[in-house]
Amino acid sequence: MTMAQQMGNQPLIVLSEDSQRTSGRDAQSMNITAGKAVAEAVRTTLGPKGMDKMLVDNSGNVVVTNDGVTILKEMDIEHPAANMIVEVAETQEDEVGDGTTTSVVIAGELLAKAEDLLEQDIHATILAQGYRQAAAKAKEVLEDMAIEVTAEDTEQLEQIAATAMTGKGAENAKDTLSTLVVKAVQTVADDDGIDTDNVKVETAVGGSVAESELVEGVIVNKERVHDNMPYFAEDANVALLDTALEVKETEIDAEINVTDPDQLQQFLDQEEKQLKEMVDHLKDVGADVVFCQKGIDDMAQHYLAQEGIIAVRRAKKSDMKRLARATGGRVVSNVDDITEDDLGFAGSVAEKDIGGDTRIFVEDVEEAKSVTLILRGGTEHVVDEVERAIEDSLGVVRVTLEDGQVLPGGGAPETELALELRDYADTVGGREQLAIEAFADAIDVIPRTLAENAGLDPIDSLVELRSEHSNGNQPYGLDAYTGDVVDMEADGVVEPLRVKTQAVESATEAAVMILRIDDVIAAGDLKGGGTDDGDDDEMPPGGGMGGGMGGMGGMGGMGGAM
Ligand code: ADP
Ligand code: MG
């Protein structure tokens with residue numbers, strides 16, 4: 001039977017019975033509503049005076065945070081368009097580590113402004129085109145506005161580090177913490193660039209945030225394997241092993257036939273002898289400390305203690321890497337092969353107690369290309385939130401050192417963007433002009449929200465900001481503490497250029513993608529295609545859209561409770 005024959009007498013059914021479909025303006029407005037809802041959920045956290053959110057999961061775990069991406073990750077968002085906005089925050093987090101709330105709020109506002117134009121029958125394709133043009137222009141404007149920073153300008157780097165912490169739990173101690181963050185990033189920087197993985201962040205509950213410290217070296221969250229081992233070693237040669245200090249035969253289930261007690265004793269003696277030889281070999285090459293990624297046999301522990309060697313077992317692989325980097329040692333897979341050259345060196349290795357936890361500190365390393373930041377705080381929730389702020393802060397310092405370009409904060413770049421984009425729109429004309437103007441209006445959401453969250457009158461603040469910028473005072477922004485419009489650079493509120501360019505870029509991409517959708521089909525199982533982040537299965541098969549909207553309803557309820 002051909003298709004034409006079938007079409008002759010009954011409608012052609014393409015979709016299965018239980019699939020759902022929403023098309024045209026309905027689809028657009030449904031997606032826009034979902035996207036806006038996500039932005040709305042984080043909007044009140046923006047800026048130094050932003051509020052925090054308490055997120056509670058089914059089993060009662062509580063997270064208190066001000067961090068946009070954390071909020072969105074913890075919220076159980078199901079709607080596919082809403083998830084596209086969440087991805088904006090995730091991209092921002094991966095690329096720069098800060099500016100997640102900003103990016104999401106801009107994306108939401110781009111959708112809101114688009115909605116007005118769609119109602120005026122401006123086609124989504126024109127909107128998409130205009131938004132893209134505006135974003136390209138925005139990038140130029142931001143780049144023109146940027147100020148150069150050098151790697152040696154520690155003071156400015158500290159301001160950048162501190163700006164990323166404002167409004168977060170870390171704020172009270174931001175002077176101490178920003179000094180530590182900048183020092184940490186500067187220390188791990190090498191010819192290959194900056195890998196902030198070499199800055200390990202350890203948290204310890206107890207004490208105050210201001211008591212946080214930077215250890216140039218590595219802290220391993222373990223203790224000495226045997227009580228008779230020394231607590232510390234000075235000028236220590238460090239052996240790094242990723243193999244067990246055990247006798248190999250016991251690993252493969254060998255069967256030993258013992259016929260008399262002497263034989264058993266002989267066998268045990270033999271094992272002991274081998275372990276003793278291993279330890280002797282470590283002693284001979286000069287090891288004072290042994291970090292072992294695997295287990296250490298009881299007998300070997302005993303011999304090591306006897307030789308006065310400090311040993312740690314089951315160290316994490318990531319710690320082994322850091323230890324190698326810090327001490328200049330090499331991780332060895334066979335104890336018999338280890339030589340003097342494989343050993344690393346540390347001026348001090350010591351077991352210490354922080355916040356009631358025992359850890360091994362490996363310090364005074366020649367070239368500390370690996371550091372540990374110990375964050376302290378009164379309670380677990382406090383240290384967790386400080387840790388998130390520090391991650392943002394490490395990110396912005398890294399990005400600044402990489403790019404060497406920063407912008408004043410406090411809504412200064414956004415105000416400038418909105419102004420210049422409006423001028424630019426006039427030169428474009430046509431229907432795109434309306435889209436570019438809408439984009440400019442959307443960007444204003446950042447200074448407006450900063451003012452609102454600081455309890456200021458947003459209209460007054462915007463008027464003042466615009467008037468300064470019209471007079472050519474580009475670095476003028478809103479000081480959220482005093483409510484004054486001042487030179488943000490002089491005020492020490494500075495952020496990397498990339499935070500803003502990335503936020504505008506990914507917000508635009510997501511908004512355009514959502515706007516261009518005019519047909520939503522709940523497609524059963526999407527195989528191979530769809531979003532590639534493994535979230536595909538969150539879209540329920542069959543009545544997918546219904547379930548999705550239910551999810552948004554749940555989110556709305558959550559928003560109300562916050
Ligand atoms: P995000 O997740 O986008 O980084 P934040 O809550 O960290 O959100 O807020 C960032 C915004 O707060 C930026 O626009 C930044 O310029 C602004 N900001 C930071 N410190 C100040 C300040 N002292 N006064 C005014 N705005 C500030
Ligand atoms: Mg921030």
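The first residue in the sequence is number 1, and the count goes up from there. Whatever order the structure lists them in is the order used to number ligands and atoms, beginning at 1. Treat the numbers as computed from the prediction; the structure is a model and nothing was measured.
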Legend entry - Ion pair check, Glu420 and Lys137, cut-off under 4.0 Å: no
Legend entry - Protein-derived N, O or S atoms lying under 2.8 Å from the Mg ion (ligand 2), waters excluded: 1
Inset, instruction - Using only heavy-atom distances, determine whether the side chains of Gln28 and Asp518 contain a donor-acceptor pair under 3.5 Å. - result: no
Inset, instruction - Kindly determine whether Glu115 and Lys36 satisfy salt bridge (charged side-chain N to carboxylate O under 4.0 Å, His left out), including the steps that lead there. - result: CA-CA 10 Å; Glu115 198 170 29; Lys36 285 196 317 194; 2.8 Å; yes
Inset, instruction - Tell me yes or no: between the side chains of Thr379 and His381, is some donor less than 3.5 Å from an acceptor? - result: no
Inset, instruction - Mark yes or no for whether Thr101, through its side chain, and Thr45, through its backbone, hold a donor-acceptor pair below 3.5 Å. - result: no
Inset, instruction - Flag yes if more than 12 heavy atoms outside Glu402 fall under 6.0 Å of its CD atom; otherwise flag no. - result: yes
Legend entry - Atom-level proximity to ligand 1, residues with heavy atom under 4.0 Å: Thr45, Leu46, Gly47, Pro48, Asn66, Asp98, Gly99, Thr100, Thr101, Thr102, Thr163, Thr166, Lys168, Gly409, Gly410, Leu450, Leu478, Asp479, Ala480, Tyr481, Val493, Glu495, Lys500
Inset, instruction - Determine whether more than 12 heavy atoms belonging to other residues, nucleotides or ligands lie under 6.0 Å from atom NZ of Lys183. - result: no
Legend entry - Rounded distance (nearest 0.5 Å) linking atom CG of Leu142 with atom CG of Leu417: 4.5 Å
Inset, instruction - Answer yes or no: does atom CZ of Arg25 have more than 12 heavy-atom neighbours from other residues, nucleotides or ligands under 6.0 Å? - result: yes
